[in-house]
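I have placed the structure first, in the form of structure tokens, so that the comments after it can refer back to it.
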Amino acid sequence: MTQQALFIIFGGTGDLAYRKLYPSLFRLYEKGYLKDDFAVIGTARRPWTNDHYHEVVMNAIADDGHESDRTNSEIARKFASHFYYQSHNVNDTEHYVALRKLADKLDEKYKLNGNRIYYLAMAPRFFGTIAGHLKSEKLITDHGYNRLIIEKPFGRDFETAKELNDDISAAFSEDQIYRIDHYLGKEAIQSIAALRFGNQVIESLWNKEHIDNIQITLAESLGVEERAGYYETAGALRDMVQNHILQIVSLLTMQKPSEYTAKELRDRKVEALQNIKVYSAKEASKNFVRGQYGEDAEHEQLDYRHEEGTDEHSQIETFVAGKLETTNGNLTGVPIYIRTGKRLARKSRQINVVFKDTTDNVFTATGEQDTKLEQNVLTLYVEPDQGYQLDLNVKNGSQGYGIMPIHLEYHKTSAEKAKVPEAYEKLIHDALDGNRTNFAHWHEVAQAWRIVDVVRQNWDSQKTDFPNYVSGTMGPKAAQELLTRDHRDWVFGATKH
């Protein structure tokens with residue numbers, strides 16, 4: 001079904017708009033979800049013309065991986081003709097008056113029925129200002145729908161997040177606010193519910209009687225690259241744990257919804273996060289470790305403190321590992337180990353569900369040497385690989401009754417992965433449909449901040465000896481010790497590290 005809507009993108013000249021928003025909108029246009037009855041207004045300080053804006057949009061399409069001649073094709077030019085640019089100062093009331101006049105003109109031209117999506121692709125400190133002006137200068141229509149899409153980071157802690165939310169909520173109701181976490185648009189993350197609740201064999205084992213621990217690893221092989229300035233103010237805890245990882249945790253630990261709707265899913269996720277223990281400072285010290293990468297073994301890559309744009313005495317973390325405790329239903333007591341970092345051994349984002357050991361190994365009585373039973377592990381590969389793996393024990397095929405581990409695997413082919421919509425394409429599609437299933441509710445964001453604030457405050461109160469892990473490894477020694485003390489190991493695909 002096609003949709004009629006006006007997009008107003010604040011930050012229309014920025015990197016996010018160029019790399020993600022314009023290509024995603026074009027894919028929706030190619031697939032017929034957007035047709036002739038849509039328009040886009042891009043706003044920013046730069047004094048661009050509409051013609052220049054069209055060139056930028058077409059270049060974004062080409063750089064996203066479309067064929068080299070696509071920028072000259074009729075479809076790309078026709079798509080770009082729906083884009084309009086207006087130079088804009090978010091603090092200037094008169095600029096909103098001009099923006100309203102252009103929006104009303106386009107609404108009439110394209111017969112958009114007052115449907116508007118406001119995309120705030122800029123720094124969060126401007127969110128409240130923009131939302132307030134949208135209301136006061138009457139850009140919010142009294143017919144059709146009005147939806148506000150906002151990007152992370154949503155605050156720096158609970159207090160700033162609440163202040164930001166209060167400012168936005170003065171202009172938009174909660175059901176009009178779409179907080180994007182692009183991990184919620186990833187196919188593998190959206191598949192967690194299907195895996196858990198669409199398979200009786202999995203659902204029946206998803207409890208403390210059968211699961212020993214759950215592990216989430218979001219590992220990057222690259223360093224901070226051009227994001228050093230941002231990373232100095234954020235760090236891995238705010239950048240990855242407060243949003244992406246805790247969203248994944250909520251999906252892994254929530255109770256079964258009565259139906260798969262936005263409200264039911266939201267309620268179950270909020271409940272799951274409220275049942276994650278908020279540590280004391282002492283508990284946070286015990287259960288969370290941080291790291292900052294140094295040079296690699298051959299000294300071919302810089303340590304974090306010598307990356308361009310970083311403080312030579314920086315105390316910001318590029319690695320986090322932690323243990324979370326849940327009291328949510330039948331997973332009460334199952335530890336959830338998380339880790340994420342830059343410059344690790346390889347890029348791989350995966351979830352590992354480690355099942356309990358078999359308590360009674362009947363095969364030792366056979367007298368065979370190979371009778372050890374490995375733990376059953378269910379792995380969900382998020383990216384760059386996409387698929388599933390289940391580790392099992394079987395007879396090894398030799399004379400006698402030796403045992404060996406095997407891996408039942410399914411991995412998407414390149415052709416299959418190419419058919420999967422990119423995360424932003426999915427989420428923009430959902431916003432157009434008014435489907436808030438894969439967006440974060442304020443109560444989720446708030447509780448996630450409560451969980452990580454204790455850790456952040458604890459770290460900010462003390463200095464540590466950085467760098468403390470070599471680039472190309474899996475983080476500091478303390479990350480392994482976090483599991484060793486519990487007589488466990490990290491799992492990384494089929495290989496333990």
Ring centroid separation for Tyr469 and Phe319, is it under 6.0 angstrom?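 Between Phe319 and Tyr469, which both carry aromatic rings, the centre distance is below 6.0 Å.
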
Lys286: partners by salt bridge (charged side-chain N to carboxylate O under 4.0 Å, His left out), with sequence neighbours left out: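 Counting only residues at least two positions away or on another chain, Lys286 forms no salt bridge (charged side-chain N to carboxylate O under 4.0 Å, His left out).
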
Could you tell me whether the side chains of [X] and [Y] share a donor-acceptor contact shorter than 3.5 Å?
X      : Y      : value
Asp430 : Asn438 : yes
Gln200 : Ser204 : no
Glu317 : Tyr231 : no
Glu264 : Ser258 : yes

Neighbour count >12 (heavy atoms, 6.0 Å) for atom [atom1], [X]:
X      : atom1 : answer
Arg485 : CZ    : yes
His306 : NE2   : no
Lys395 : NZ    : yes
Lys31  : NZ    : yes

Using salt bridge (Lys or Arg N to Asp or Glu O under 4.0 Å), reason through Lys356 and Glu209 one step at a time and then give a plain yes or no. CA-CA 8 Å; Lys356 290 184 176 180; Glu209 282 73 33; over 6 Å; no

For a 4.5 angstrom cut-off between non-hydrogen side-chain atoms, does [X] reach [Y]?
X      : Y      : result
Tyr279 : Glu325 : yes
Trp490 : Asn352 : no
Leu482 : Arg339 : no
Val90  : Met122 : yes
Ile336 : Asn213 : no
Leu390 : Val377 : no
Ile192 : Ile351 : yes
Ile150 : Ile180 : no

In sequence, state the C-alpha distance, the side-chain angles, and the governing distance for Asn328 and Thr326, and then conclude on side-chain hydrogen bond (donor to acceptor under 3.5 Å, both in side chains). CA-CA 6 Å; Asn328 201 35; Thr326 180; 5.2 Å; no

With a 4.0 Å cut-off on N to O distance, would you call [X] and [Y] a salt bridge?
X      : Y      : answer
Glu416 : Lys419 : no
Glu187 : Lys417 : no
Lys342 : Glu225 : no
Arg19  : Asp63  : no

Are Leu432 and Tyr33 close enough, and set up right, to give a side chain to side chain contact (heavy atoms under 4.5 Å, CB included), and what steps lead you there? CA-CA 10 Å; Leu432 278 163; Tyr33 194 76; 3.7 Å; yes

Quick one: do Met474 and Leu344 satisfy side chain to side chain contact (heavy atoms under 4.5 Å, CB included)? Show the steps, please. CA-CA 5 Å; Met474 283 308 293; Leu344 300 181; 4.0 Å; yes

Using the rule given for side chain to side chain contact (heavy atoms under 4.5 Å, CB included), can you reason through Phe466 versus Ser314, listing the C-alpha separation, both sets of side-chain angles and the distance that settles it, and then say yes or no? CA-CA 8 Å; Phe466 283 155; Ser314 177; over 6 Å; no

Please identify each residue that fulfils ring-ring contact (aromatic ring centres under 6.0 Å, His included) with His441, with sequence neighbours left out.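 Expected list: His443.
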
What residues, two or more places apart in sequence or in another chain, satisfy ring-ring contact (aromatic ring centres under 6.0 Å, His included) together with Tyr119?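 For Tyr119, no residue satisfies ring-ring contact (aromatic ring centres under 6.0 Å, His included) once neighbours in sequence are set aside.
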
Decide yes or no on salt bridge (Lys or Arg N to Asp or Glu O under 4.0 Å) for Asp239 and Arg227, but give the supporting numbers first. CA-CA 11 Å; Asp239 186 49; Arg227 298 182 72 211; 3.3 Å; yes

Does the side-chain hydrogen bond (donor to acceptor under 3.5 Å, both in side chains) test come out yes or no for Gln315 and His313, once each step is laid out? CA-CA 7 Å; Gln315 284 287 301; His313 302 294; over 6 Å; no

Should the pair [X] and [Y] be classed as cation-pi, given the thresholds of under 6.0 Å to the six-membered ring centre and 45° from the axis?
X      : Y      : result
Lys186 : Tyr183 : yes
Arg147 : Tyr118 : no
Lys323 : Phe288 : no

Under the criterion salt bridge (Lys or Arg N to Asp or Glu O under 4.0 Å), I'd like the reasoning laid out for Arg488 against Asp212: C-alpha separation, chi angles, the key distance, then a yes or no. CA-CA 10 Å; Arg488 296 185 174 100; Asp212 180 81; 2.6 Å; yes

Would you check, one step at a time, whether the test side-chain hydrogen bond (donor to acceptor under 3.5 Å, both in side chains) holds for Tyr337 with Asp486? CA-CA 11 Å; Tyr337 299 103; Asp486 292 341; 2.6 Å; yes

Would Met404 and Ile406 satisfy side chain to side chain contact (heavy atoms under 4.5 Å, CB included), going step by step from the backbone distance to the final call? CA-CA 7 Å; Met404 71 175 188; Ile406 64 165; 3.9 Å; yes

What pairs of donor and acceptor atoms, side-chain ones from residues 165-173 against any protein atom, are under 3.5 angstrom apart with sequence neighbours left out?
from	atom 1	to	atom 2	distance (Å)
Asn165	OD1	Arg179	NH2	2.7
Asp166	OD2	Lys162	NZ	3.1
Ser169	OG	Asn165	O	2.8
Ser173	OG	Asp175	OD1	2.4
Ser173	OG	Gln176	OE1	3.3

Of all residues at least two apart in sequence or in a different chain, which pass the side chain to side chain donor-acceptor pair (under 3.5 Å) check with Arg196?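 Listed in chain order: nothing, the list is empty.
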
If I take atom [atom1] from residue [X] and atom [atom2] from residue [Y], how far apart are they, to the nearest 0.5 angstrom?
X      : Y      : atom1 : atom2 : value
Leu25  : Tyr424 : CG    : OH    : 12.5 Å
Thr261 : Asp267 : OG1   : CG    : 8.0 Å
Gln386 : Leu380 : CD    : CG    : 10.0 Å

Ile403 and side-chain contact (heavy atoms from CB on, under 4.5 Å): which single residue from Val394, Asn396, Asn361, Asn393 fits?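 Of the listed residues Val394, Asn396, Asn361, Asn393, the side-chain contact (heavy atoms from CB on, under 4.5 Å) partner of Ile403 is Asn393.
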
Among residues two or more places apart or on two chains, list those pairs meeting salt bridge (charged side-chain N to carboxylate O under 4.0 Å, His left out) that have a residue in residues 303-316.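 Output for this query lists Glu307-Arg343.
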
Can you list the steps and then say if Glu444 with Gln247 is a side-chain hydrogen bond (donor to acceptor under 3.5 Å, both in side chains)? CA-CA 8 Å; Glu444 297 172 53; Gln247 281 292 323; 3.0 Å; yes

Test salt bridge (Lys or Arg N to Asp or Glu O under 4.0 Å) on Asp64 and Arg27; report intermediate values, then the result. CA-CA 11 Å; Asp64 186 55; Arg27 286 190 289 269; 2.5 Å; yes

